[in-house]
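Here's the structure we're looking at; comments come further down.
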Amino acid sequence: MITKTSEKTSNNFATNTPVKVAVGMGDGIGPEIMKATLKILKAAGAAIEPEFIELGEKVYLAGNTSGIDSHAWDVINKNKVILKAPITTPQGKGFKSMNVTLRKSLGLFANVRPVTALHPFVPTNFPNMDVVIIRENEEDLYAGIEHRQTQDVYQCLKLITRPGCERIIRYAFEYAKAFDRKKVTCMVKDNIMKITDGLFHKVFDEIALDYPHIKSETQIIDIGSARLAAKPNDYDVIVTANLYGDIISDIAAEIAGSVGMCGSANIGKNVAMFEAIHGSAPDIAGKGIANPSGLLNAAIAMLAHIGQAEIADNVKNALLATLEKGYHTADIYQKDSSLALVNTQEFADKVIENLGEMPQNLRRSTLSTGKGTITIPDYIRKKEKKHLVGVDVFIDWDGKDPNILGDALTQLNSYRLKLKMITNRGVKVYPEGLKETYCTDHWRCRFVGVDVKIENKEPQYAQIEFEQVVALLSKLYNEQFDVIKTENLYTFNGERSFSLGQGE
Ligand code: NAD
């Protein structure tokens with residue numbers, strides 16, 4: 001679990017005065033599990049002062065499409081720590097994901113999800129599983145920049161930034177160092193996305209050099225996910241981009257048997273938010289039978305974050321002892337091995353009864369032995385030489401023969417820019433495409449300055465002026481080509497910074 005993770009610029013929490021925490025009771029089972037969690041924290045002597053905020057369904061239905069009202073923002077900005085029960089996102093268009101809004105608005109760049117097996121109390125095929133997934137939380141395909149570009153083609157922009165990569169990867173290594181973890185595995189798909197995932201991999205290799213005592217490795221996300229599902233014991237800390245992290249953290253929680261038991265931390269430089277990973281479970285809401293362990297685990301991470309790691313250990317050990325003794329809520333109850341089926345409040349009371357006890361079989365919580373504070377240095381932007389060397393012009397055209405389009409574009413008087421190639425869905429179709437390639441109405445037409453191709457070497461791209469691009473676009477417009485967007489082609493410090501078309 002997260003501990004002592006006050007970031008360089010985060011709050012310093014005094015341990016003797018109660019820390020004010022913004023608490024969202026949530027929807028569905030949210031209020032039931034939050035009441036149980038707060039009762040346990042109070043009994044354990046956690047020095048926190050909840051300030052309740054309205055989040056979720058009620059706010060959505062009152063007409064606020066973000067699910068958060070202005071009072072809640074004020075409390076969050078003041079307190080910097082949020083403990084949040086799951087909320088219900090109403091079905092239908094127009095409602096924004098409140099979680100995504102909170103993560104992005106508050107700069108919660110790291111999603112930290114520890115997944116530990118609780119076998120045999122929570123059955124799993126992997127009794128020794130103990131993995132922490134650190135997922136980048138703000139970028140990637142979750143930037144939310146999507147467009148329909150032609151009648152047939154839709155696009156989602158994947159944004160990966162150097163500061164984003166540096167922050168999350170540094171965080172993963174610092175986490176491993178603080179919690180005495182031995183290995184950090186980076187998962188990417190840079191055999192395909194050589195520029196975006198390639199950057200993540202490159203930054204990982206750079207930062208790994210600063211941690212010679214921590215083993216580092218990189219795996220392609222597809223085989224990495226498969227291996228994680230088959231041999232989770234081979235993993236320790238995993239760091240990855242937003243979408244991959246979203247998927248593998250659910251795989252990990254599922255194979256540990258503990259989707260209902262996991263908590264997660266969303267960490268930013270100034271604010272941190274703690275929540276269970278499950279949703280508001282409308283099917284059992286109001287029955288008082290939900291398992292509060294996921295939210296309690298999130299609260300334990302929160303206590304460690306605000307400098308109350310000893311209390312966090314006490315609560316965690318009491319939770320483990322309760323599970324070991326066989327007091328189980330319906331979701332994990334097993335007739336043969338459980339001692340008693342308990343409801344939410346009875347479970348909370350059992351945890352309170354067990355405060356001060358240690359688990360006998362499950363591994364004890366050792367958050368208070370975490371070494372030091374995680375500090376993420378400020379990003380230093382190095383100046384690079386950027387040169388414009390061409391432009392990809394995207395054209396909406398419902399013809400089928402790329403040669404007709406290619407020949408027409410080649411014949412344009414294009415201001416010292418020449419058509420280099422045309423691709424359709426990334427595959428080169430002109431010049432010399434294959435007639436088997438299926439073409440849609442979305443054509444990427446690459447114009448470059450004069451390039452010199454040397455045998456077996458990258459082409460050398462000549463620098464061009466933006467004026468040439470403007471003139472080309474004007475010409476295309478006059479010739480009635482339907483230009484839907486352009487993407488400039490640059491070199492940075494002489495290095496090509498755009499992908500080649502497949503087959504180019
Ligand atoms: P869910 O996680 O709420 O429920 C899936 C299944 O798990 C249900 O059968 C439920 O009864 C069970 N379950 C979940 N938590 C449990 C617990 N603590 N104890 C016992 N059983 C539990 O997923 P869903 O049904 O897909 O989503 C319901 C709502 O929650 C949706 O509106 C969704 O948008 C929202 N949601 C919110 C969050 C969040 O606020 N962080 C996360 C996921 C889903």
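Counting starts at 1 for both ligands and their atoms, following the listed order.
- Applying the side chain to side chain donor-acceptor pair (under 3.5 Å) rule to pairs touching residues 279-290 yields T88-S280, sequence neighbours excluded.
- Salt-bridge formation is detected for the pair K158/D197: a Lys NZ or Arg NE/NH1/NH2 atom is positioned less than 4.0 Å from an Asp or Glu carboxylate oxygen.
- The pair R113-D250 meets the salt-bridge criterion, with a side-chain N (NZ, NE, NH1 or NH2) lying under 4.0 Å from an Asp/Glu carboxylate O.
- Remark: K350 NZ to L323 CG distance equals 13.5 Å, nearest 0.5 Å.
- Protein residues having at least one heavy atom under 4.0 Å from any atom of ligand 1 are I29, K84, P86, I87, T88, T89, N99, E275, H278, G279, S280, A281, P282, D283, I284, A290, N291, D331, listed by chain and number.
- Between Y211 and F173, the ring planes lie parallel to each other; the angle is under 30°, not in the 30° to 60° tilted range.
- The residues D130 and R363 are annotated as salt-bridged, a charged nitrogen and a carboxylate oxygen being separated by less than 4.0 angstrom.
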